[in-house]
Amino acid sequence: MILDTPVSKERSRSSGSQPARAAVVTNAMPVPLLPLTRPAGHHAALVQGAASRGRAGHRLRAISSAVTATVLATLALPGAAAAADRVELPIRSSSPQTDVISSLVRLHVPLPATAPAHSEACDWIQYMRYRPADGPSEPTDADAVAVLMPGFIEGATAFDPVARNTIRESARRGRSIEVWAIDRRANCLEDLTGVDHVEQTGEIDGAIDYYYGKQPLNGQTFTAPFNRAPKVLAEFGIAQTMRDYHAVLTTELPSQPWREDHVICGGHSLGGPLTELYAAWDFDGDKTTTADAGFRQCAGFMGFDTTLSGKLSGGLDGNAAKDPDPLVAGVLQSISDVTVRSLRAGAAPRNIDISGIGPETMMLLDAVSVLASRTPDADWTPALSKIPRSATTDQFFHISGSPNMSRWLFSKDSMREVRYSYMAALGQIMDDNGAVFGLVRSSFGFFDGAPIQRNTLPRDLSKIPIVGQFVAPGELFVPQKLKSKPLVRWKNYDELGSGATQIGRGGTTPAAEVTDARDMARILHEGPTNLIEAWFPTRIMLDQYLIAGGDRSGGLRGLQHPTGVRQKPRFVVIAGDGLRAGGRRQSDPHVTLPGYQHLDVLTAAERQNSGQPEGSSQAFADLIDTALDS
């Protein structure tokens, strides 16, 4: 992946009805950004007087030494530190769909003055922008702009395949659309220096030394431990998320009438309820005026393996349609106050870490995905042996490598005991035939090259309250532990064959494998941001529970339009084998896609083994047509 030179010219506008937006950058430097230092424990500081996230390796490859020298000289001049309020970094992706181009857009939207001390990177918000290569450069010249919110522990690039597929499908229908994927603000806390090193060099040793051995890398030292979330994370709740969502829309698309006619709002998984709350949010403090309300910024709503029913915001059961009883309101506000104080004091965990899924293992997954892209069949054992044992990694490798409840409780089974190729390791962690956690499952192939055994652990864990929200039963397998330790390899979704010799026969079918493994590995690491949200804020989940209970105090008082999401066309794609399949009643207009897993609704390949059109992007394009024609 390479970053092109950042855009630095003023965009022209063909529509007089749309107010002029600020230039792409606020000063006239020909190359407005370059990699500088990375604050310890944070993502790259890409600065022109203001820090934002980025990857040094990509930019060093993308910007020639001559241009870099010019920029360095320019930055040394007086006044060169003037801040840019908006920067856009075009990306050269390795996706074969070259008729869709992408860029990362960063907006300087500082946190409130009351926020705890934080990196300057956290005063920026960002989104991935996807658009046709031959389409208009100005988004308001497009027929529609879809703005999407990621799910739980999910970053913006999760939407990459469905964005590309939907843009191409809409083009076939004669429409030019853009898809924007928001990165929530907590991503400013990621330090991807080690991952960048893997992308630059193709070797993982330096990254392991950086994260675990405290060895400097490119002049940077990792000093923020994975197990201690910064104080500022306690401020990243639903109210801040709503403000950030609104800032992207109103800053980039200043005309409210245009937004209401052309913007599709939506999200995946948790991003669905967050979109529902956005539709219900009032941004001027006066619920009798609705031009500022979230639902008035959107022409329609799209959900991916989620719900947009309005139930959370009170649109169905009336929780938000009226103020709660004063006694109930007082109790809820007290709970909210105590909860927030606990988060701020560190008495409650500020980020969610489940059975080893947390910042530490997510950074490793990011690094492994680079090598799964470059050398998918190479043995990961030498690299794995260099990762020091820790409670977090041991817990993660143990639950991922245990074939049943008994072995999980009473043995030390671990992925460390099996020789995986890099792509097979990715499959064990994220494929629907390997992954314990249903939240991260996609169907992108099957094991090959070594004997396997069935894994019943997720089936048993799914029956446990709370735990069952994160795991799910399925046709799951782990390699057998053999003294000979054969290398476990991976076959891609379209390489399984058919008939009696089909790979994975009895555990999967070609029709049930819908995502390209190469895409899955690519979107995990490619670009200045990624698919994961390593520091997912506990505050968002706690706020959600308080809202469901009826709390409208403090920062949650913006929830004033409970039926907002039901005022416009809406549609939901349900994964046939995902978390919402089966027993859950779906009250939204929807289509169920057989064989799809929770992530497949975003990651499915345009070319399907079934010979049918890819269902998620078809439904998305249909909703866009409906909203624009309404």
Side-chain angles (χ1 to χ4, degrees), residues 152-153 212 226-227 348-349 351-365 368 380-381 384-420 424-443 446-447 450-486 488 504 506-508 532 534 536 538 541 577-579 581-583 597-599:
F152 176 66
I153 64 171
Y212 293 97
F226 287 123
N227 61 355
N351 71 294
I352 292 180
D353 190 331
I354 305 165
S355 295
I357 295 183
E360 183 176 2
T361 49
M362 288 190 187
M363 289 299 98
L364 289 175
L365 181 62
V368 166
W380 87 324
T381 307
L384 184 65
S385 66
K386 297 175 183 178
I387 298 174
R389 292 185 177 274
S390 69
T392 300
T393 57
D394 283 352
Q395 185 180 27
F396 180 74
F397 289 138
H398 177 47
I399 196 171
S400 298
S402 298
N404 54 54
M405 180 71 83
S406 176
R407 297 294 298 179
W408 181 55
L409 291 174
F410 304 113
S411 82
K412 294 184 179 180
D413 287 345
S414 172
M415 286 183 66
R416 289 180 180 271
E417 301 172 317
V418 176
R419 289 179 62 222
Y420 291 94
L426 193 63
Q428 186 70 75
I429 295 168
M430 296 193 71
D431 184 75
D432 66 322
N433 295 121
V436 172
F437 299 99
L439 286 165
V440 301
R441 282 185 195 160
S442 179
S443 50
F446 203 80
F447 299 100
I452 56 175
Q453 59 185 318
R454 288 196 176 271
N455 183 359
T456 61
L457 176 61
R459 181 196 65 194
D460 298 330
L461 289 176
S462 67
K463 300 173 183 177
I464 301 174
I466 301 179
V467 176
Q469 297 180 40
F470 303 102
V471 300
E475 294 291 335
L476 301 174
F477 301 86
V478 293
Q480 295 179 19
K481 290 193 298 182
L482 303 174
K483 290 184 178 180
S484 59
K485 289 193 173 183
V488 183
T508 189
I532 61 177
F536 181 83
T538 305
M541 301 303 288
D577 291 337
L579 297 179
Q597 294 288 335
H598 189 57
L599 280 182

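Counting from 1, the numbers follow the sequence of the chain as shown.
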If you measure from [atom1] on [X] to [atom2] on [Y], what distance do you get to the nearest 0.5 Å?
{"X": "Gln597", "Y": "Met430", "atom1": "CD", "atom2": "CE", "answer": "11.5 Å"}
{"X": "Asp353", "Y": "Ile153", "atom1": "CG", "atom2": "CD1", "answer": "9.5 Å"}
{"X": "Leu457", "Y": "Leu409", "atom1": "CG", "atom2": "CG", "answer": "8.5 Å"}
{"X": "Phe397", "Y": "Ser402", "atom1": "CZ", "atom2": "OG", "answer": "13.0 Å"}

Would you say the side-chain atoms of Gln480 pair up with the backbone N or O of Ile452, donor to acceptor, closer than 3.5 Å?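 Present.
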
For Arg454, does its backbone N or O pair with a side-chain atom of Glu475 as donor and acceptor, under 3.5 Å? no

Of all residues at least two apart in sequence or in a different chain, which pass the side-chain contact (heavy atoms from CB on, under 4.5 Å) check with [X]?
{"X": "Thr508", "value": "Asn433, Phe446, Leu496, Gln502, Ala512, Glu513"}
{"X": "Val488", "value": "Val418, Tyr420, Ala424, Phe447, Ala450, Pro479"}
{"X": "Ile429", "value": "Leu365, Phe396, Met415"}
{"X": "Ser484", "value": "Leu482, Pro486"}

Check against side chain to side chain contact (heavy atoms under 4.5 Å, CB included), Trp408 and Asn455: CA-CA 11 Å; Trp408 181 55; Asn455 183 359; over 6 Å; no

Partner residues of [X] under the side-chain hydrogen bond (donor to acceptor under 3.5 Å, both in side chains) criterion, sequence neighbours left out:
{"X": "Ser414", "value": "none"}
{"X": "Ser400", "value": "none"}
{"X": "Thr456", "value": "none"}
{"X": "Thr361", "value": "none"}

Looking at [X] and [Y], what are the two nearest heavy atoms and their distance?
{"X": "Met362", "Y": "Ala534", "value": "SD-CA, 3.3 Å"}
{"X": "Gln428", "Y": "Val478", "value": "NE2-CG1, 3.6 Å"}
{"X": "Val440", "Y": "Ala435", "value": "CG2-CB, 4.3 Å"}
{"X": "Leu461", "Y": "Ile399", "value": "CD1-CD1, 4.1 Å"}

Per the salt bridge (charged side-chain N to carboxylate O under 4.0 Å, His left out) rule, what does the pair list look like for residues 425-442, sequence neighbours excluded?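 Found none.
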
Decide yes or no on salt bridge (charged side-chain N to carboxylate O under 4.0 Å, His left out) for Lys485 and Glu417, but give the supporting numbers first. CA-CA 9 Å; Lys485 289 193 173 183; Glu417 301 172 317; over 6 Å; no

Begin from the C-alpha positions of Tyr212 and Lys386 and carry the test side chain to side chain contact (heavy atoms under 4.5 Å, CB included) through to its verdict. CA-CA 10 Å; Tyr212 293 97; Lys386 297 175 183 178; over 6 Å; no

Under the salt bridge (Lys or Arg N to Asp or Glu O under 4.0 Å) test, which residues partner [X], sequence neighbours left out?
{"X": "Asp413", "answer": "Arg407, Lys481"}
{"X": "Arg459", "answer": "none"}
{"X": "Asp394", "answer": "Arg389, Arg416"}

With side chains defined as the heavy atoms from C-beta onward, is the minimum distance between His398 and Ser411 less than 4.5 Å? yes

